[in-house]
Protein chains: 2
Amino acid sequence: MPYDRPTLNALLRRHGIAPTHQRLEIAQVLFARCQHLSAEQILQQVNERHAETSKATVYNTLNLFRDRGLVREVIVDPKRVFYDPNTGPHHHLYNVDTGEITDIPADALRLSGLPELPAGMVTEGVDVIVRVRSAGTSALG
Amino acid sequence: MPYDRPTLNALLRRHGIAPTHQRLEIAQVLFARCQHLSAEQILQQVNERHAETSKATVYNTLNLFRDRGLVREVIVDPKRVFYDPNTGPHHHLYNVDTGEITDIPADALRLSGLPELPAGMVTEGVDVIVRVRSAGTSALG
DNA sequence: TGTCCATTGAGAATTATTCTAATTCACCCT
DNA sequence: AGGGTGAATTAGAATAATTCTCAATGGACA
Ligand SMILES: [Mn+2]
Ligand SMILES: [Mn+2]
Ligand SMILES: [Zn+2]
Ligand SMILES: [Zn+2]
């Protein structure tokens, strides 16, 4: 268990985040099993045992974590944002049928020939999304 | 003007879409200037001269066009979907400050080493999104 | 113990998209 | 031309993710 309370506590502090009870609970959910979760899923998992965190706090906290670089957003589904505790460079496999998101390690995939940017632009990141579906599922009706 | 009415008419028919007045107007907006537009932007442009198309029809039509492969969705902004009349393989440059989306030709960018998929999955597409921001704009407050 | 400021949270607001159910329209037949 | 028919359109309501408001809470510390 690499992510016990003292570790999470230090992690938040290191990112300039005051480690409140609710924030630790949310960090726990995110970092314990390193998955890609929506705000709604996080809300449910945090309140699994007994309800103690509000929806507003989950959204506040996720935006705070994102602003401080603790998590990143994964934009693959127009319906909801997913939160990724892995902020290192890597990419994603997205199953459009199941909604499942899987990491692709950065070094598993070579990207070459990025076009030079117009003057005055700076790259913030390069996202690669491999969209897959379960074989047999057709895009047509 | 490569996209006059008879051409659009044939284009819709070729995709199995009955070419109604509203659908032609929407196709016109999408294909005339080949941009990446949101439903709201399309609704405005279609009704620029005189209002004749409803919001419901714009959404219906965009979903129909997407299902029939006439346009593709671009998922870069959690707030809204953008529609792309270019369905050929290519990638996108997304300015997170301005919201501007620019095409990157497929051959401008080499991708190698896609991991083999778990059995029973088939690739639907690979999206590369280069997120840029105007230099000087910071992610922090 | 009391002040202070950040945090929390209930519920309302916002907004992109979808849904419903009724009207309109295009096209065909006579 | 007039009428039947199914598809298309639409106004407005519904849905749902996210944000906002602002009052209540609570920990740190004098
Ligand atoms: Mn957000
Ligand atoms: Mn859609
Ligand atoms: Zn990831
Ligand atoms: Zn494009």
Side-chain angles (χ1 to χ4, degrees), chain A residues 5 8-9 12-13 15-29 36-47 50-68 70-84 96 99 101 141, chain B residues 5 8-9 12-13 15-29 36-47 50-68 70-84 96 99 101 141:
Chain A
R5 282 313 160 104
L8 289 173
N9 212 292
L12 296 208
R13 275 193 213 289
H15 286 261
I17 299 167
T20 66
H21 179 69
Q22 286 89 341
R23 288 170 180 171
L24 286 167
E25 293 279 332
I26 291 168
Q28 169 104 270
V29 166
H36 305 82
L37 299 172
S38 68
E40 180 64 29
Q41 292 173 320
I42 290 165
L43 177 65
Q44 277 181 277
Q45 293 198 26
V46 147
N47 288 330
H50 46 273
E52 54 189 353
T53 304
S54 72
K55 178 189 303 191
T57 294
V58 168
Y59 277 101
N60 287 345
T61 299
L62 290 172
N63 286 335
L64 177 67
F65 284 6
R66 184 244 292 127
D67 291 345
R68 297 296 165 84
L70 235 197
V71 302
R72 71 147 102 170
E73 295 180 342
V74 179
I75 313 294
V76 289
D77 177 347
K79 299 274 179 216
R80 59 184 66 69
V81 174
F82 290 90
Y83 291 87
D84 189 344
V96 300
I101 300 172
Chain B
R5 282 314 160 101
L8 289 172
N9 211 292
L12 296 207
R13 275 194 214 288
H15 286 261
I17 300 167
T20 66
H21 179 68
Q22 285 90 342
R23 288 169 180 172
L24 286 167
E25 293 280 332
I26 292 168
Q28 168 105 268
V29 166
H36 305 83
L37 300 171
S38 68
E40 182 64 28
Q41 292 173 319
I42 290 165
L43 177 65
Q44 277 180 275
Q45 292 199 26
V46 146
N47 288 330
H50 47 272
E52 53 189 353
T53 303
S54 72
K55 179 189 302 190
T57 294
V58 168
Y59 278 100
N60 287 345
T61 299
L62 290 171
N63 286 334
L64 178 66
F65 283 6
R66 182 244 293 129
D67 291 346
R68 297 296 165 84
L70 234 197
V71 303
R72 71 146 101 171
E73 295 180 342
V74 180
I75 313 294
V76 289
D77 177 347
K79 299 273 178 218
R80 59 184 67 66
V81 173
F82 290 91
Y83 291 87
D84 189 344
V96 300
I101 300 173

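As the structure is a prediction and not an experimental result, all values here were calculated from the model.
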Completion exercise
From CD of A/Q44 across to P of D/dA16 the rounded distance in Å is 14 Å
Practice task
Report the residue from A/T20, A/I42, A/L43, A/L37 that forms a side chain to side chain contact (heavy atoms under 4.5 Å, CB included) with A/I26.
Solution key: A/I42
Problem - Nucleotide nearest A/Y59 (side chain, heavy atoms from C-beta), chosen from D/dT9, D/dT19, C/dT17 - result: D/dT19
Fill in the blank from the handout: Taken to the nearest whole Å, CG/A/D77 to C1'/D/dT18 is 14 Å
Problem - Straight-line distance of A/K79 NZ to B/I75 CD1, nearest 0.5 Å - result: 10.0 Å
Completion exercise
Whole-Å distance, A/E25 CD to C/dT7 P, equals 17 Å
Problem - Touch class at under 4.0 angstrom, heavy-atom based, for A/E40 against every strand present - result: nothing
Exercise for the section: Determine the contact category for A/T53: base if any of its heavy atoms lies under 4.0 Å from a base atom, sugar-phosphate if only primed atoms, P, OP1 or OP2 are that close, otherwise nothing. Expected result: sugar-phosphate
Problem - Interatomic distance where CD belongs to B/E52 and C1' belongs to C/dT24 [whole Å] - result: 15 Å
Problem - Given D/dA11, C/dA10, C/dT17, the nucleotide with the shortest approach to the side chain of B/V81 - result: C/dT17
Completion exercise
Exactly one candidate in B/L64, B/N60, B/T53 meets side chain to side chain contact (heavy atoms under 4.5 Å, CB included) with B/R23; the answer is B/L64
Fill in the blank from the handout: Whole-Å distance, A/L62 CG to C/dG9 P, equals 14 Å
Exercise for the section: Can you tell me the distance, in whole Å, between the NZ atom of A/K55 and the C1' atom of C/dT14? Expected result: 13 Å
Handout entry: Integer-rounded Å distance: D/dC20 C1' and A/N63 CG
Key = 12 Å
Practice task
Using atom CZ of B/F82 as one end and atom C1' of C/dT17 as the other, report the distance to the nearest whole Å.
Solution key: 15 Å
Problem - Interatomic spacing from CD in A/Q41 to NE2 in A/H36 - rounded to 0.5 Å - result: 11.5 Å
Problem - Distance test, side-chain N/O of B/T57 to OP1/OP2 of D/dT10, below 4.0 Å - result: yes
Fill in the blank from the handout: The reported gap from CG in B/L8 to CD in B/E25 (rounded to nearest 0.5 angstrom) is 10.0 Å
Practice task
Identify which nucleotide among D/dT10, D/dA8, D/dT19 has an atom closest to any side-chain atom of B/R23, counting heavy atoms from C-beta outward.
Solution key: D/dA8
Exercise for the section: With the side chain of A/K79 defined as its heavy atoms from C-beta on, choose the nearest nucleotide among C/dT7, D/dT9, C/dT17. Expected result: C/dT17
Exercise for the section: Verify the contact: side-chain N or O of B/Q22 to OP1 or OP2 of C/dC25, cut-off strictly under 4.0 Å; return yes or no. Expected result: no
Exercise for the section: For C/dC25, take OP1 and OP2 only and decide whether either is under 4.0 Å from a side-chain N or O of B/T20. Expected result: no
Problem - Pairwise 5' ranking along DNA chain C for B/N60 and A/H21, keeping only the more 5' one - result: A/H21
Completion exercise
Among the nucleotides C/dG9, D/dT18, D/dT10, whichever has the atom closest to the side chain of A/A39 is D/dT18
